[in-house]
Amino acid sequence: MQIHVLYTAQLKNAAGVPGQIIDLPDQSTVRHLLEKIAEVHGEALRTMLFDSGGDLLPSVLLCLGDEQISIDHASPLSDGAELTLLSAISGG
Amino acid sequence: MPQAPLNNEEKETYAWQIPVRDFGEEGQERLKGASVLISRIGGLGGVVAYELAAAGIGRLILAHAGDIKPGDLNRQLLMTHDALGTPRIESAKKRLLELNPRLQIDAVAQNVAEENAADLVSRADVVVDCAPLFAERYLLNRQAVAQGKHLIECSMYEMEFNITSIEPGTTPCLRCLFPDAPPTWKREFPVFGAVSGVVGCLGASEAIKILGGFGNPLYGQLIRGDLRNMQFQKMTIHRDPSCRECGHLFQ
Ligand SMILES: [Zn+2]
């Protein structure tokens with residue numbers, strides 16, 4: 001199946017693209033998707049998504065469609081779903 | 001929130017907004033009786049302050065340290081070229097009073113810190129977070145949650161912005177959404193004044209609705225925008241029952 005991924009702010013810089021389509025086996029979950037993204041982009045993005053223990057960093061918020069979702073969301077993703085990776089940003 | 005009666009000059013000044021549906025003279029009296037804390041009045045907070053001064057807020061508590069630098073002038077609309085090297089807070093106060101001489105201003109030449117956060121938040125009905133440092137943002141969030149004050153979270157980066165409104169005990173707080181700051185955050189980041197202006201106007205609109213008692217503030221919702229391709233998304237966000245700041249409000 002194909003999942004549309006959107007990156008924001010610093011995550012977009014690290015990914016080098018504003019978004020992309022990721023191919024995944026059927027029954028894949030949000031965590032599978034994030035691991036695949038980290039694998040595709042290497043260290044620059046991995047270190048902005050996961051800590052050294054493999055947990056999602058607390059500065060990243062995930063939205064599936066228009067709904068915030070946990071990385072541990074157990075339901076498999078559906079083909080054509082859209083995941084947004086939001087990064088904490090600030091003012092100035 | 002307290003209401004303050006309008007005089008004739010004020011009725012004339014706000015004649016274009018008093019007829020706004022569900023707002024009316026009562027809403028205008030609420031704005032006049034209200035106090036808003038804005039943490040930093042740079043690109044983002046300066047626009048929030050200017051719009052709230054224009055709308056007839058009674059009192060603004062403004063916290064911002066330091067002197068005006070050339071790099072401020074691409075976005076900090078309360079600062080002027082001829083005031084380079086002078087305190088930001090003085091320039092901001094002058095510009096706001098030129099627009100609205102009835103406005104009461106608590107001009108604090110300090111940034112939000114451990115020592116002043118509780119006091120600054122206690123003076124306000126609504127807090128607007130426009131600070132660049134996550135330490136300041138988390139301090140404001142802590143005090144807003146502890147004191148039960150509405151907090152409008154405005155942020156930006158490059159051509160993008162995020163905004164949400166927090167009602168402690170009802171909506172997620174900043175720590176629910178982002179329990180910690182990004183590990184590699186840089187104090188200076190790319191942004192245009194037009195971007196800080198957009199999110200500043202959105203933040204001011206949220207404050208006006210919350211204080212005026214009308215419309216639907218962004219409670220439990222976050223809008224992210226990317227002005228590079230004019231893409232906007234409104235997301236439903238959730239509180240974290242284990243949040244170290246506001247989790248206890250839900251037990
Ligand atoms: Zn919370």
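Lettering follows sequence order; numbering is per chain, from 1.
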Discussion item. For H248(B), I'd like to know if atom NE2 has over 12 heavy atoms of other residues, nucleotides or ligands within 6.0 Å.
Written reply: yes
Worksheet item: Checking heavy atoms, do the side chain of R75(B), its backbone, both or neither come under 4.5 Å from chain A?
Response: side chain
Worksheet entry | Other residues, nucleotides, ligands: >12 heavy atoms within 6.0 Å of F192(B) CZ | no
Worksheet item: Side chain, backbone, both or neither: which part of S70(A) has a heavy atom under 4.5 Å from chain B?
Response: neither
Worksheet item: Between atom CD1 of I89(A) and atom CZ of R137(B), what is the distance when rounded to the nearest 0.5 Å?
Response: 8.5 Å
Worksheet item: Where do P182(B) and A88(A) come nearest, in terms of heavy atoms and distance?
Response: CG-O, 3.5 Å
Worksheet item: Nearest 0.5 Å, what's the CG-CE distance between L62(A) and M235(B)?
Response: 10.0 Å
Practice prompt. Pick one of side chain, backbone, both or neither for R224(B), based on which atoms fall under 4.5 Å of a heavy atom in chain A.
Written response: side chain
Worksheet item: Of all of G42(B), P179(B), G200(B), which one pairs up most often with chain A through heavy atoms under 4.5 Å apart?
Response: P179(B)
Worksheet item: Say you draw a straight line from CZ of R228(B) to NZ of K12(A); how long is it, rounded to the nearest 0.5 Å?
Response: 6.0 Å
Worksheet, complete the sentence: Per-residue tally against chain A (heavy atom, under 4.5 Å) across P172(B), C130(B), G46(B), S39(B) peaks at C130(B)
Fill in: Shortest non-hydrogen contact from F189(B) toward S90(A)
CE2-OG, 3.8 Å
Worksheet item: For L57(A), is it the side chain, the backbone, both or neither that has a heavy atom under 4.5 Å from a heavy atom of chain B?
Response: side chain
Discussion item. Counting only heavy atoms not in R239(B) (residues, nucleotides, ligands), do more than 12 fall under 6.0 Å from its CZ?
Written reply: yes
Worksheet item: At a heavy-atom separation under 4.5 Å, does D226(B) approach chain A through its side chain, its backbone, both, or neither?
Response: side chain
Worksheet item: What distance separates T8(A) OG1 from N162(B) CG, expressed to the nearest 0.5 Å?
Response: 6.5 Å
Item to complete: Measure distances from L6(A) to the heavy atoms of chain B and classify the residue's part below 4.5 Å as side chain, backbone, both or neither.
Response: side chain
Practice prompt. Count the heavy atoms belonging to other residues, nucleotides or ligands that lie under 6.0 Å from CG of D79(A), then report whether that count exceeds 12.
Written response: yes
Item to complete: Grab the two heavy atoms, one from P132(B) and one from G92(A), that are nearest each other, plus how far apart they are.
Response: CB-CA, 4.1 Å
Worksheet entry | Among the listed options M156(B), Q231(B), M159(B), the residue most often paired with chain A at heavy-atom distances under 4.5 Å | M156(B)
Fill in: L61(A) versus F178(B), closest heavy-atom pair with distance
CB-CE2, 3.6 Å
Discussion item. Side chain to side chain contact (heavy atoms under 4.5 Å, CB included), that's the test. Do Q68(A) and L222(B) meet it? Break it down for me.
Written reply: CA-CA 10 Å; Q68(A) 185 192 348; L222(B) 181 148; over 6 Å; no
Fill in: Top contributor to chain B interface from V60(A), T84(A), T47(A) [non-hydrogen pairs under 4.5 Å]
T84(A)
Worksheet entry | Smallest separation among heavy atoms of N13(A) and Y157(B), with atom names | ND2-OH, 2.9 Å
Worksheet item: In Å and rounded to the nearest 0.5 Å, what is the CG to CG distance from D180(B) to D51(A)?
Response: 11.0 Å
Worksheet item: If you round to the nearest 0.5 Å, how far is CD of Q233(B) from CG of D66(A)?
Response: 5.0 Å
